[in-house]
Amino acid sequence: MHILTTPGELVRPQQADWQVELRQAVRDGRELCRRLGLPSERAGPAGQFPVFVPPSFLARMRCGDADDPLLRQVLPGAEETVEVPGFSADPVGDAAAAWQAGVLQKYAGRVLLVTTGACAVHCRYCFRRHFPYQELPRGDAAWEDALATIAADTSISEVILSGGDPLMLVDQRLRWLLERIAAVPHVARLRVHTRLPIVIPTRVTEELLAAFSALRLPTTVVLHANHAQELNDQVARSVDCLRGAGVLLLNQAVLLRGVNDSVVAQQTLSERLLAVGVLPYYLHQLDRVTGAAHFEVPVVEGKQIVAALRERLPGYLVPTYVQEVPGEPSKTVL
Ligand SMILES: *Cc1c(COP(=O)(O)O)cnc(C)c1O
Ligand code: SF4
């Protein structure tokens, strides 16, 4: 027989801080504006891709500033409803297929595992905005299928956990998955593509760190921050902890109009990344997804920004400017 020390103890297991953050996320554009002291009419319709902004990310936005670079990434504007030629629902082409199969291989030696559809924040420029949104992790059979695919192909030396955001999985699940991947002898490297340590730094739990520390594989976490303002002291502490667990930290950003489309914004981002212990990896040209045209910066302008960056920063702080071209054997360097 159980004796309850607090009412409901057996009803709901204790949620971790990061899960509470997710529960408290703002899910409405007008509410987001209100919290920032902006007129609620600034929010456009979110369509099928609802607004989703946890308080920890909201806290880094400037009140009263409609042009705040973090707000611009997450607030739907009226521009989203404008149809622009050349922009489509699935510009990466194979995205929908990967969603179902769970395993995507485009490049030699590397396989990308779609672990979950959920993210800790909804970025308006993301190609995932047109996917049918689902928060549930995939079932056991799908995991086993993906693991069997990896085990059967000795050409695979690197497994990349992607999504959605793989750190949306709870620690126990993640640890199980990491251990299973590490048990495949020909897998030599592990990579995790995640925005969670940026959006909700408390996601870097003791359990997560223990799972990384215990891994035999060299592990790289590729974060996703687009602006220096995202990298506050809590992010710095979480990055420190990850480094302590032996993880190499890189960052990928997307070149976004009105967010980071200046030499100063990119330079500041690179310098701040280094200050917190992360190296810039890729700067992505925007995927041409419907509703995101207002974020596009022409490639010629992007090249100018990167060239200017190269004159101001050491080479290791200049990200590689790339584009995803369907059918190519690697990302295309611009
Ligand atoms: C971007 C990407 C990778 C990783 O490419 P790197 O150049 O190694 O960072 C792997 N698989 C897929 C499907 C990708 O889109
Ligand atoms: S996949 Fe990445 S960019 Fe897209 S919504 Fe999720 S966190 Fe944002």
Side-chain angles (χ1 to χ4, degrees), residues 22 25 46 48-54 56-57 70 72-76 90-99 101-131 133-135 146 150 155-168 188-200 203 220-227 230 248 250-256 259-260 279-287 289 291-292 295 319-334:
L22 287 174
Q48 286 176 323
F49 192 50
V51 167
F52 196 89
V53 185
S56 53
F57 197 69
L70 277 58
R72 276 191 62 94
Q73 295 178 50
V74 297
L75 180 68
D90 185 10
V92 199
D94 41 24
W99 187 261
V103 182
L104 177 60
Q105 178 160 30
K106 282 203 230 165
Y107 307 142
R110 285 150 290 172
V111 70
L112 196 145
L113 206 57
V114 180
T115 48
T116 165
C119 290
V121 66
H122 288 184
C123 313
R124 308 313 300 178
Y125 52 86
C126 181
F127 72 88
R128 293 190 53 256
R129 53 174 300 143
H130 292 284
F131 284 12
Y133 204 75
Q134 67 178 71
E135 303 216 3
I150 293 165
S155 78
I156 295 169
S157 51
E158 178 167 1
V159 176
I160 303 170
L161 302 189
S162 185
D165 196 314
L167 293 192
M168 288 294 277
R189 296 183 295 279
L190 183 89
R191 203 194 312 183
V192 180
H193 285 177
T194 175
R195 202 170 189 198
L196 248 161
I198 302 288
V199 177
I200 307 178
R203 175 63 191 91
T220 304
V221 167
V222 183
L223 300 170
H224 174 182
N226 296 310
H227 193 279
E230 292 170 50
L248 175 69
L250 304 175
N251 183 65
Q252 49 187 345
V254 181
L255 184 58
L256 299 166
V259 174
N260 59 13
L279 284 178
Y281 179 42
Y282 280 150
L283 176 64
H284 291 271
Q285 179 64 14
L286 182 80
D287 291 323
V289 61
F295 282 117
T320 306
Y321 183 33
V322 294
Q323 184 166 27
E324 176 122 24
V325 180
E328 291 296 315
S330 71
K331 305 263 190 274
T332 301
V333 177
L334 295 169

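No hydrogens, no waters, no symmetry mates; every other heavy atom, side chains included, goes into these values. Remember, it's 1-based here, ligands and their atoms both numbered in the order they're listed.
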Q | Where L256 and Q73 come nearest, the two heavy atoms and their spacing | A | CD1-CG, 4.3 Å
**Q.** Shortest non-hydrogen contact from H224 toward I198
**A.** O-CG1, 3.8 Å
Q.
Residue-level breakdown please: for I160 versus ligand 1, do any non-hydrogen atoms fall below 4.0 Å on the side chain, on the backbone, on both, or on neither?
A. side chain
(Q) Polar contacts were defined as any N/O atom of the residue lying under 3.5 Å from an N/O atom of the ligand; does this apply to Y282 and ligand 1? (A) yes
Q) With no hydrogens and no angle check, is any side-chain donor or acceptor of R124 less than 3.5 Å from a backbone partner on A46? A) yes
(Q) Only heavy atoms of L104, strictly under 4.0 Å: list the atoms of ligand 1 that pass. (A) 13 (C)
Q) Does C119 put an N, O or S atom under 2.8 Å from atom 8 (Fe) of ligand 2? A) no
Q) Where's the contact between R191 and ligand 1, heavy-atom distance under 4.0 Å: side chain, backbone, both or neither? A) side chain
Q. At under 4.0 Å between heavy atoms, which part of E324 makes contact with ligand 1: side chain, backbone, both or neither?
A. side chain
Q. Is a side-chain N or O of N251 found less than 3.5 angstrom from the main chain of A225, in a donor-acceptor match?
A. yes
Q: Considering the heavy atoms of K106, write down every atom of ligand 1 situated less than 4.0 Å from one of them.
A: 13 (C), 15 (O)
Q.
Can you report which non-hydrogen protein atom sits closest to atom 5 (S) of ligand 2, along with the distance?
A. C123 N, 3.5 Å
(Q) Could you tell me, atom by atom, which parts of ligand 1 come under 4.0 Å of a heavy atom of Y107? (A) 1 (C), 2 (C), 3 (C), 5 (O), 10 (C), 11 (N), 12 (C), 14 (C)
Q. Should you measure from each heavy atom of H224, which atoms of ligand 2 turn up under 4.0 Å away?
A. 3 (S)
(Q) Side chains of L190 and T220, heavy atoms from C-beta outward: is any pair under 4.5 Å? (A) no
Q: Answer yes or no for E158: is there a heavy-atom contact with ligand 1 below 4.0 Å?
A: no
Q.
Testing the basics here: between E324 and Y107, what is the closest heavy-atom pair and its distance to 0.1 Å?
A. OE2-OH, 3.6 Å
Q) Starting from atom 15 (O) of ligand 1, which protein heavy atom do you reach first, and at what distance in Å? A) K331 NZ, 2.9 Å
Q | ligand 1 atoms in contact with L112 (distance to a heavy atom under 4.0 Å) | A | 11 (N), 12 (C), 13 (C), 14 (C)
Q | Any D165 heavy atom less than 4.0 Å to ligand 2 | A | no
Q | Least distance between heavy atoms, V51 atom then P76 atom | A | CG2-CD, 3.4 Å
Q) What closest approach, in Å, do P326 and P91 show between heavy atoms, and which atom pair accounts for it? A) CG-O, 4.0 Å
**Q.** Check against side chain to side chain donor-acceptor pair (under 3.5 Å), H284 and Q252
**A.** CA-CA 7 Å; H284 291 271; Q252 49 187 345; 2.7 Å; yes
**Q.** C126 N/O/S atom closer than 2.8 Å to atom 4 (Fe) of ligand 2
**A.** yes
Q: Report the C-alpha distance between Y321 and L255 in whole Å, list the side-chain angles of each, state the deciding distance to 0.1 Å, and finish with yes or no for side chain to side chain contact (heavy atoms under 4.5 Å, CB included).
A: CA-CA 9 Å; Y321 183 33; L255 184 58; 3.8 Å; yes
Q.
Which of the numbered atoms in ligand 1 are under 4.0 angstrom from any heavy atom belonging to Y281?
A. 6 (P), 7 (O), 8 (O), 9 (O)
